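What follows is a short report on a single structure.
Below, chain A is the first sequence line, B the second, and so on; all start at residue 1. In this text the structure is predicted, and so the values were computed from the model without any measurement.
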Amino acid sequence: MITAFIHQFSSAKSFVNITEKLYPFFLIVGVSMLILGWTWGLLFAPQDAVQGNSYRIIFLHVPSVIFAELIYFFMAVCALMHLVWRVKLAAYLIKSAAPIGAMITFMGLLSGSIWGIPTWGTWWQWDARITSTLILFIMYLGILTLHGSFSNLEKADRLMSILVVIGVVNIPIIKKSVDWWSTLHQPASISVSGGSSIDPSMLYPLLISVIGLGFTLIALGILSSRSYIFTREKNKKWILEHV
Amino acid sequence: MFNLAFDNFNEILDMDGHGIYVWSVYLIGISIIFLSFLIAKKRIVDIQKKINKKNASS
Amino acid sequence: MLRLVKAESFKLSKKLKSWLGPLLIMVLVLIAFPLSIDISQFDLAKFYFSIIVVSLLMTSFVATEGMFEEDFEDGSLEQEFLIEKDFYKLVLSKIFVYVCLIGIPIAFIGALFSFANGVAIGSFASVFLLLSLSNLLLFNLFAFGNALSINKGAMLGVLSSLPLALPIIILLGTAVRSIQFGDGFVAIITLMTGIGLLMSAIMPLIISAALKTHID
């Protein structure tokens with residue numbers, strides 16, 4: 001029953017049709033919330049008592065790092081679906097999400113690196129979380145390289161899925177690295193279970209930025225997956241009718 | 001909560017000397033996101049053109 | 001299983017480059033490093049173990065390079081699949097043979113150099129045990145990288161499996177620190193043994209799935 005359900009809702013055709021309608025919603029809501037969150041954070045949120053105004057980088061840095069990990073997690077779920085139920089769409093989604101994941105991880109690393117100058121006095125530290133995020137970035141590149149190395153795309157899809165599933169072991173290591181190893185990094189400011197150590201005047205714009213970036217990335221994901229689906233299925237009848 | 005944290009435009013740009021870090025991060029971030037959208041959009045247009053061409057020839 | 005272990009040992013022992021190469025590289029790197037710095041200026045013993053760890057990473061990758069390539073090219077993999085319907089036993093015995101014939105001697109060389117350079121992180125036996133366990137983990141991971149890239153070159157294998165190997169290096173660093181501070185050695189060794197056994201049980205399954213994809 002599960003297999004039938006998955007196959008019914010996971011055809012590339014229905015994905016393209018559904019996401020075509022959802023794309024403007026995600027784009028408009030995402031960009032509006034980003035503008036709101038970033039304007040609030042950059043101009044209206046109060047200055048931090050310790051870090052001064054440099055802390056305002058948080059409104060881009062934290063959402064980027066959150067999504068760097070979440071996108072990988074999403075890819076791992078897709079990889080499992082592809083390996084277990086042989087859902088083709090899942091492989092397409094992994095291939096489309098990987099460059100976005102690499103891009104957002106790079107953004108997280110870069111913003112963190114720039115934030116490091118006024119806060120720690122250095123661009124780079126061999127700090128646990130930075131290092132593990134760098135590993136995540138290399139993993140994204142590895143996945144893309146692996147997929148690009150095989151001319152047989154079905155084989156490439158399967159190998160990529162296997163690598164993604166194995167690589168997901170690194171995510172909890174990244175998540176817990178700050179707690180496990182001695183580090184320069186501040187402990188996580190927001191937690192799902194344990195509340196947050198950040199003032200509401202800074203927390204609200206941060207949350208809005210996180211949701212805004214999430215919606216924007218979903219819109220970007222829709223766009224990039226559609227172009228990849230078109231490329232892979234260009235010989236199918238439904239694509240010819242759709243385009 | 002909604003009071004402007006700065007007194008004038010120069011303060012906003014300078015942010016007590018941290019402006020260069022803060023604004024450069026946002027500038028780079030926005031550029032990367034914008035570029036990603038542009039690239040994705042261009043890819044869709046390219047592949048659509050290809051498919052249309054194929055459609056027309058067949 | 002014994003048949004496979006025997007066959008793999010025979011095959012590997014015949015390939016001189018495959019088992020002697022990594023051992024010589026390990027020795028050369030460990031000799032080259034002190035020559036490249038002014039040892040009168042630096043306390044070599046302080047950071048020599050880090051060089052051993054990096055050499056271990058490098059040589060274990062070189063050792064596993066092309067682990068499945070020849071079998072894939074000459075059709076042995078396909079033949080094995082027809083007999084066993086699975087690669088689990090083949091992969092398990094391959095990794096076992098590689099660890100025994102290359103991994104353990106590399107660990108021995110590492111421990112020897114660490115002892116000779118006065119690295120103060122415990123006895124010869126404890127360093128040897130630590131390096132052997134690290135090799136077990138690294139060989140499993142790099143075998144996975146090789147199974148993914150199979151005949152597409154070593155670089156692809158590195159790119160796919162090296163990020164996964166970095167947490168092991170971090171763990172090894174933590175182990176060294178705890179040994180230096182005189183606590184937690186048994187805990188770290190137990191943890192590494194646990195991870196090693198778990199990986200040795202699971203990795204052949206995953207590698208087998210990757211190999212099946214190649215011959216499909």
Side-chain angles (χ1 to χ4, degrees), chain A residues 27 31 34 38 40-47 51-57 59-61 63-64 96 99-100 103-104 106-108 110-119 200-201 204-205 213 216-217 219-231 233-235 239-243, chain B:
Chain A
L27 185 68
V31 172
L34 263 189
W38 285 353
W40 188 348
L42 283 169
L43 304 179
F44 295 95
Q47 189 173 319
Q51 297 187 30
N53 281 314
S54 70
Y55 96 94
R56 293 181 200 277
I57 294 174
F59 302 108
L60 187 140
H61 175 71
S64 305
S96 325
I100 300 173
M103 178 270 283
I104 208 74
F106 175 73
M107 227 161 88
L110 190 77
S111 56
S113 194
I114 296 175
W115 193 2
I117 300 275
T119 315
S201 57
Y204 296 146
L213 189 65
T216 311
L217 290 178
L220 181 59
I222 289 174
L223 213 56
S224 125
S225 54
R226 276 177 58 202
S227 79
Y228 190 64
I229 289 170
F230 285 176
T231 313
E233 307 243 317
K234 59 176 182 278
N235 296 325
I239 282 281
L240 299 175
E241 286 164 6
H242 186 90
V243 174
Chain B
M1 197 179 260
F2 289 103
N3 293 329
L4 202 63
F6 305 94
D7 290 332
N8 54 51
F9 186 68
N10 278 344
E11 265 190 25
I12 292 176
L13 281 183
D14 187 50
M15 290 193 169
D16 294 330
H18 293 154
I20 180 82
Y21 307 114
V22 177
W23 291 115
S24 60
V25 162
Y26 282 89
L27 202 70
I28 296 168
I30 292 167
S31 312
I32 291 175
I33 295 173
F34 186 70
L35 258 175
S36 308
F37 269 98
L38 270 188
I39 292 168
K41 199 90 195 159
K42 193 185 170 306
R43 276 199 189 137
I44 289 199
V45 172
D46 286 352
I47 188 74
Q48 275 177 334
K49 266 186 199 162
K50 234 184 217 175
I51 294 168
N52 281 334
K53 215 172 165 184
K54 202 174 155 193
N55 248 348
S57 66
S58 64

**OP:** Would you sort out whether Tyr26(B) and Trp38(A) count as a ring-ring contact (aromatic ring centres under 6.0 Å, His included), showing the intermediate values?
**Re:** CA-CA 9 Å; Tyr26(B) 282 89; Trp38(A) 285 353; 5.2 Å; yes
**OP:** Name the region of Ile28(B), side chain, backbone, both or neither, that has any atom closer than 4.5 Å to a heavy atom of chain A.
**Re:**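 For Ile28(B), the contact with chain A is made by the side chain alone.
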**OP:** Using non-hydrogen atoms and a 4.5 Å limit, figure out which bit of Asp16(B) sits close to chain A: side chain, backbone, both or neither.
**Re:**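 Both parts, backbone and side chain.
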**OP:** Kindly give the heavy-atom pair with the smallest separation between Val25(B) and Leu60(A), and that separation in Å.
**Re:**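 What the structure gives for the nearest pair is CG1-CD2, 3.9 Å.
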Once you round to the nearest 0.5 Å, how far does [atom1] of [X] lie from [atom2] of [Y]?
X: Phe44(A); Y: Asn3(B); atom1: CZ; atom2: CG; result: 9.0 Å
X: Arg56(A); Y: His18(B); atom1: CZ; atom2: NE2; result: 11.5 Å
X: Tyr21(B); Y: Ser113(A); atom1: OH; atom2: OG; result: 11.5 Å
X: Ile32(B); Y: Leu110(A); atom1: CD1; atom2: CG; result: 6.5 Å
X: Ile39(B); Y: Met103(A); atom1: CD1; atom2: CE; result: 9.0 Å
X: Leu42(A); Y: Phe6(B); atom1: CG; atom2: CZ; result: 8.0 Å

Subject >> Candidate pair Ile33(B) and Thr216(A), rule side chain to side chain contact (heavy atoms under 4.5 Å, CB included), full reasoning >> reply: CA-CA 9 Å; Ile33(B) 295 173; Thr216(A) 311; 4.1 Å; yes
Original post:
With only heavy atoms counted, which part of Leu27(A) is less than 4.5 Å from chain B, the side chain, the backbone, both or neither?
Top reply: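 For Leu27(A), the side chain is the part near chain B, not the backbone.
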Original post:
Checking Phe106(A) against chain B: side chain, backbone, both or neither under 4.5 Å from a heavy atom?
Top reply: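 Contact with chain B: side chain only.
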Please list every donor-acceptor pair under 3.5 Å in which a side-chain atom of residues 43-54 of chain B meets a protein atom from a residue at least two apart or in another chain.
residue, atom, partner, partner atom, Å
Asp46(B), OD2, Lys42(B), NZ, 2.9
Asn52(B), ND2, Gln48(B), O, 3.2
Lys54(B), NZ, Asn235(A), OD1, 2.2

Original post:
Highest number of heavy-atom pairs under 4.5 Å with chain A: which of Gly17(B), Gly19(B), Ser24(B), Ala40(B)?
Top reply: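 Ranked by heavy-atom pairs under 4.5 Å with chain A, first place is Ala40(B).
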Subject >> Sequence-distant partners of Ser111(A), side chain to side chain donor-acceptor pair (under 3.5 Å), two or more places apart >> reply: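 Ser111(A) satisfies side chain to side chain donor-acceptor pair (under 3.5 Å) with His61(A) once adjacent residues are dropped.
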Original post:
Counting heavy-atom pairs under 4.5 Å to chain B, which of Met107(A), Lys234(A), Arg226(A) comes out on top?
Top reply: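 The candidate making the most pairs under 4.5 Å is Met107(A).
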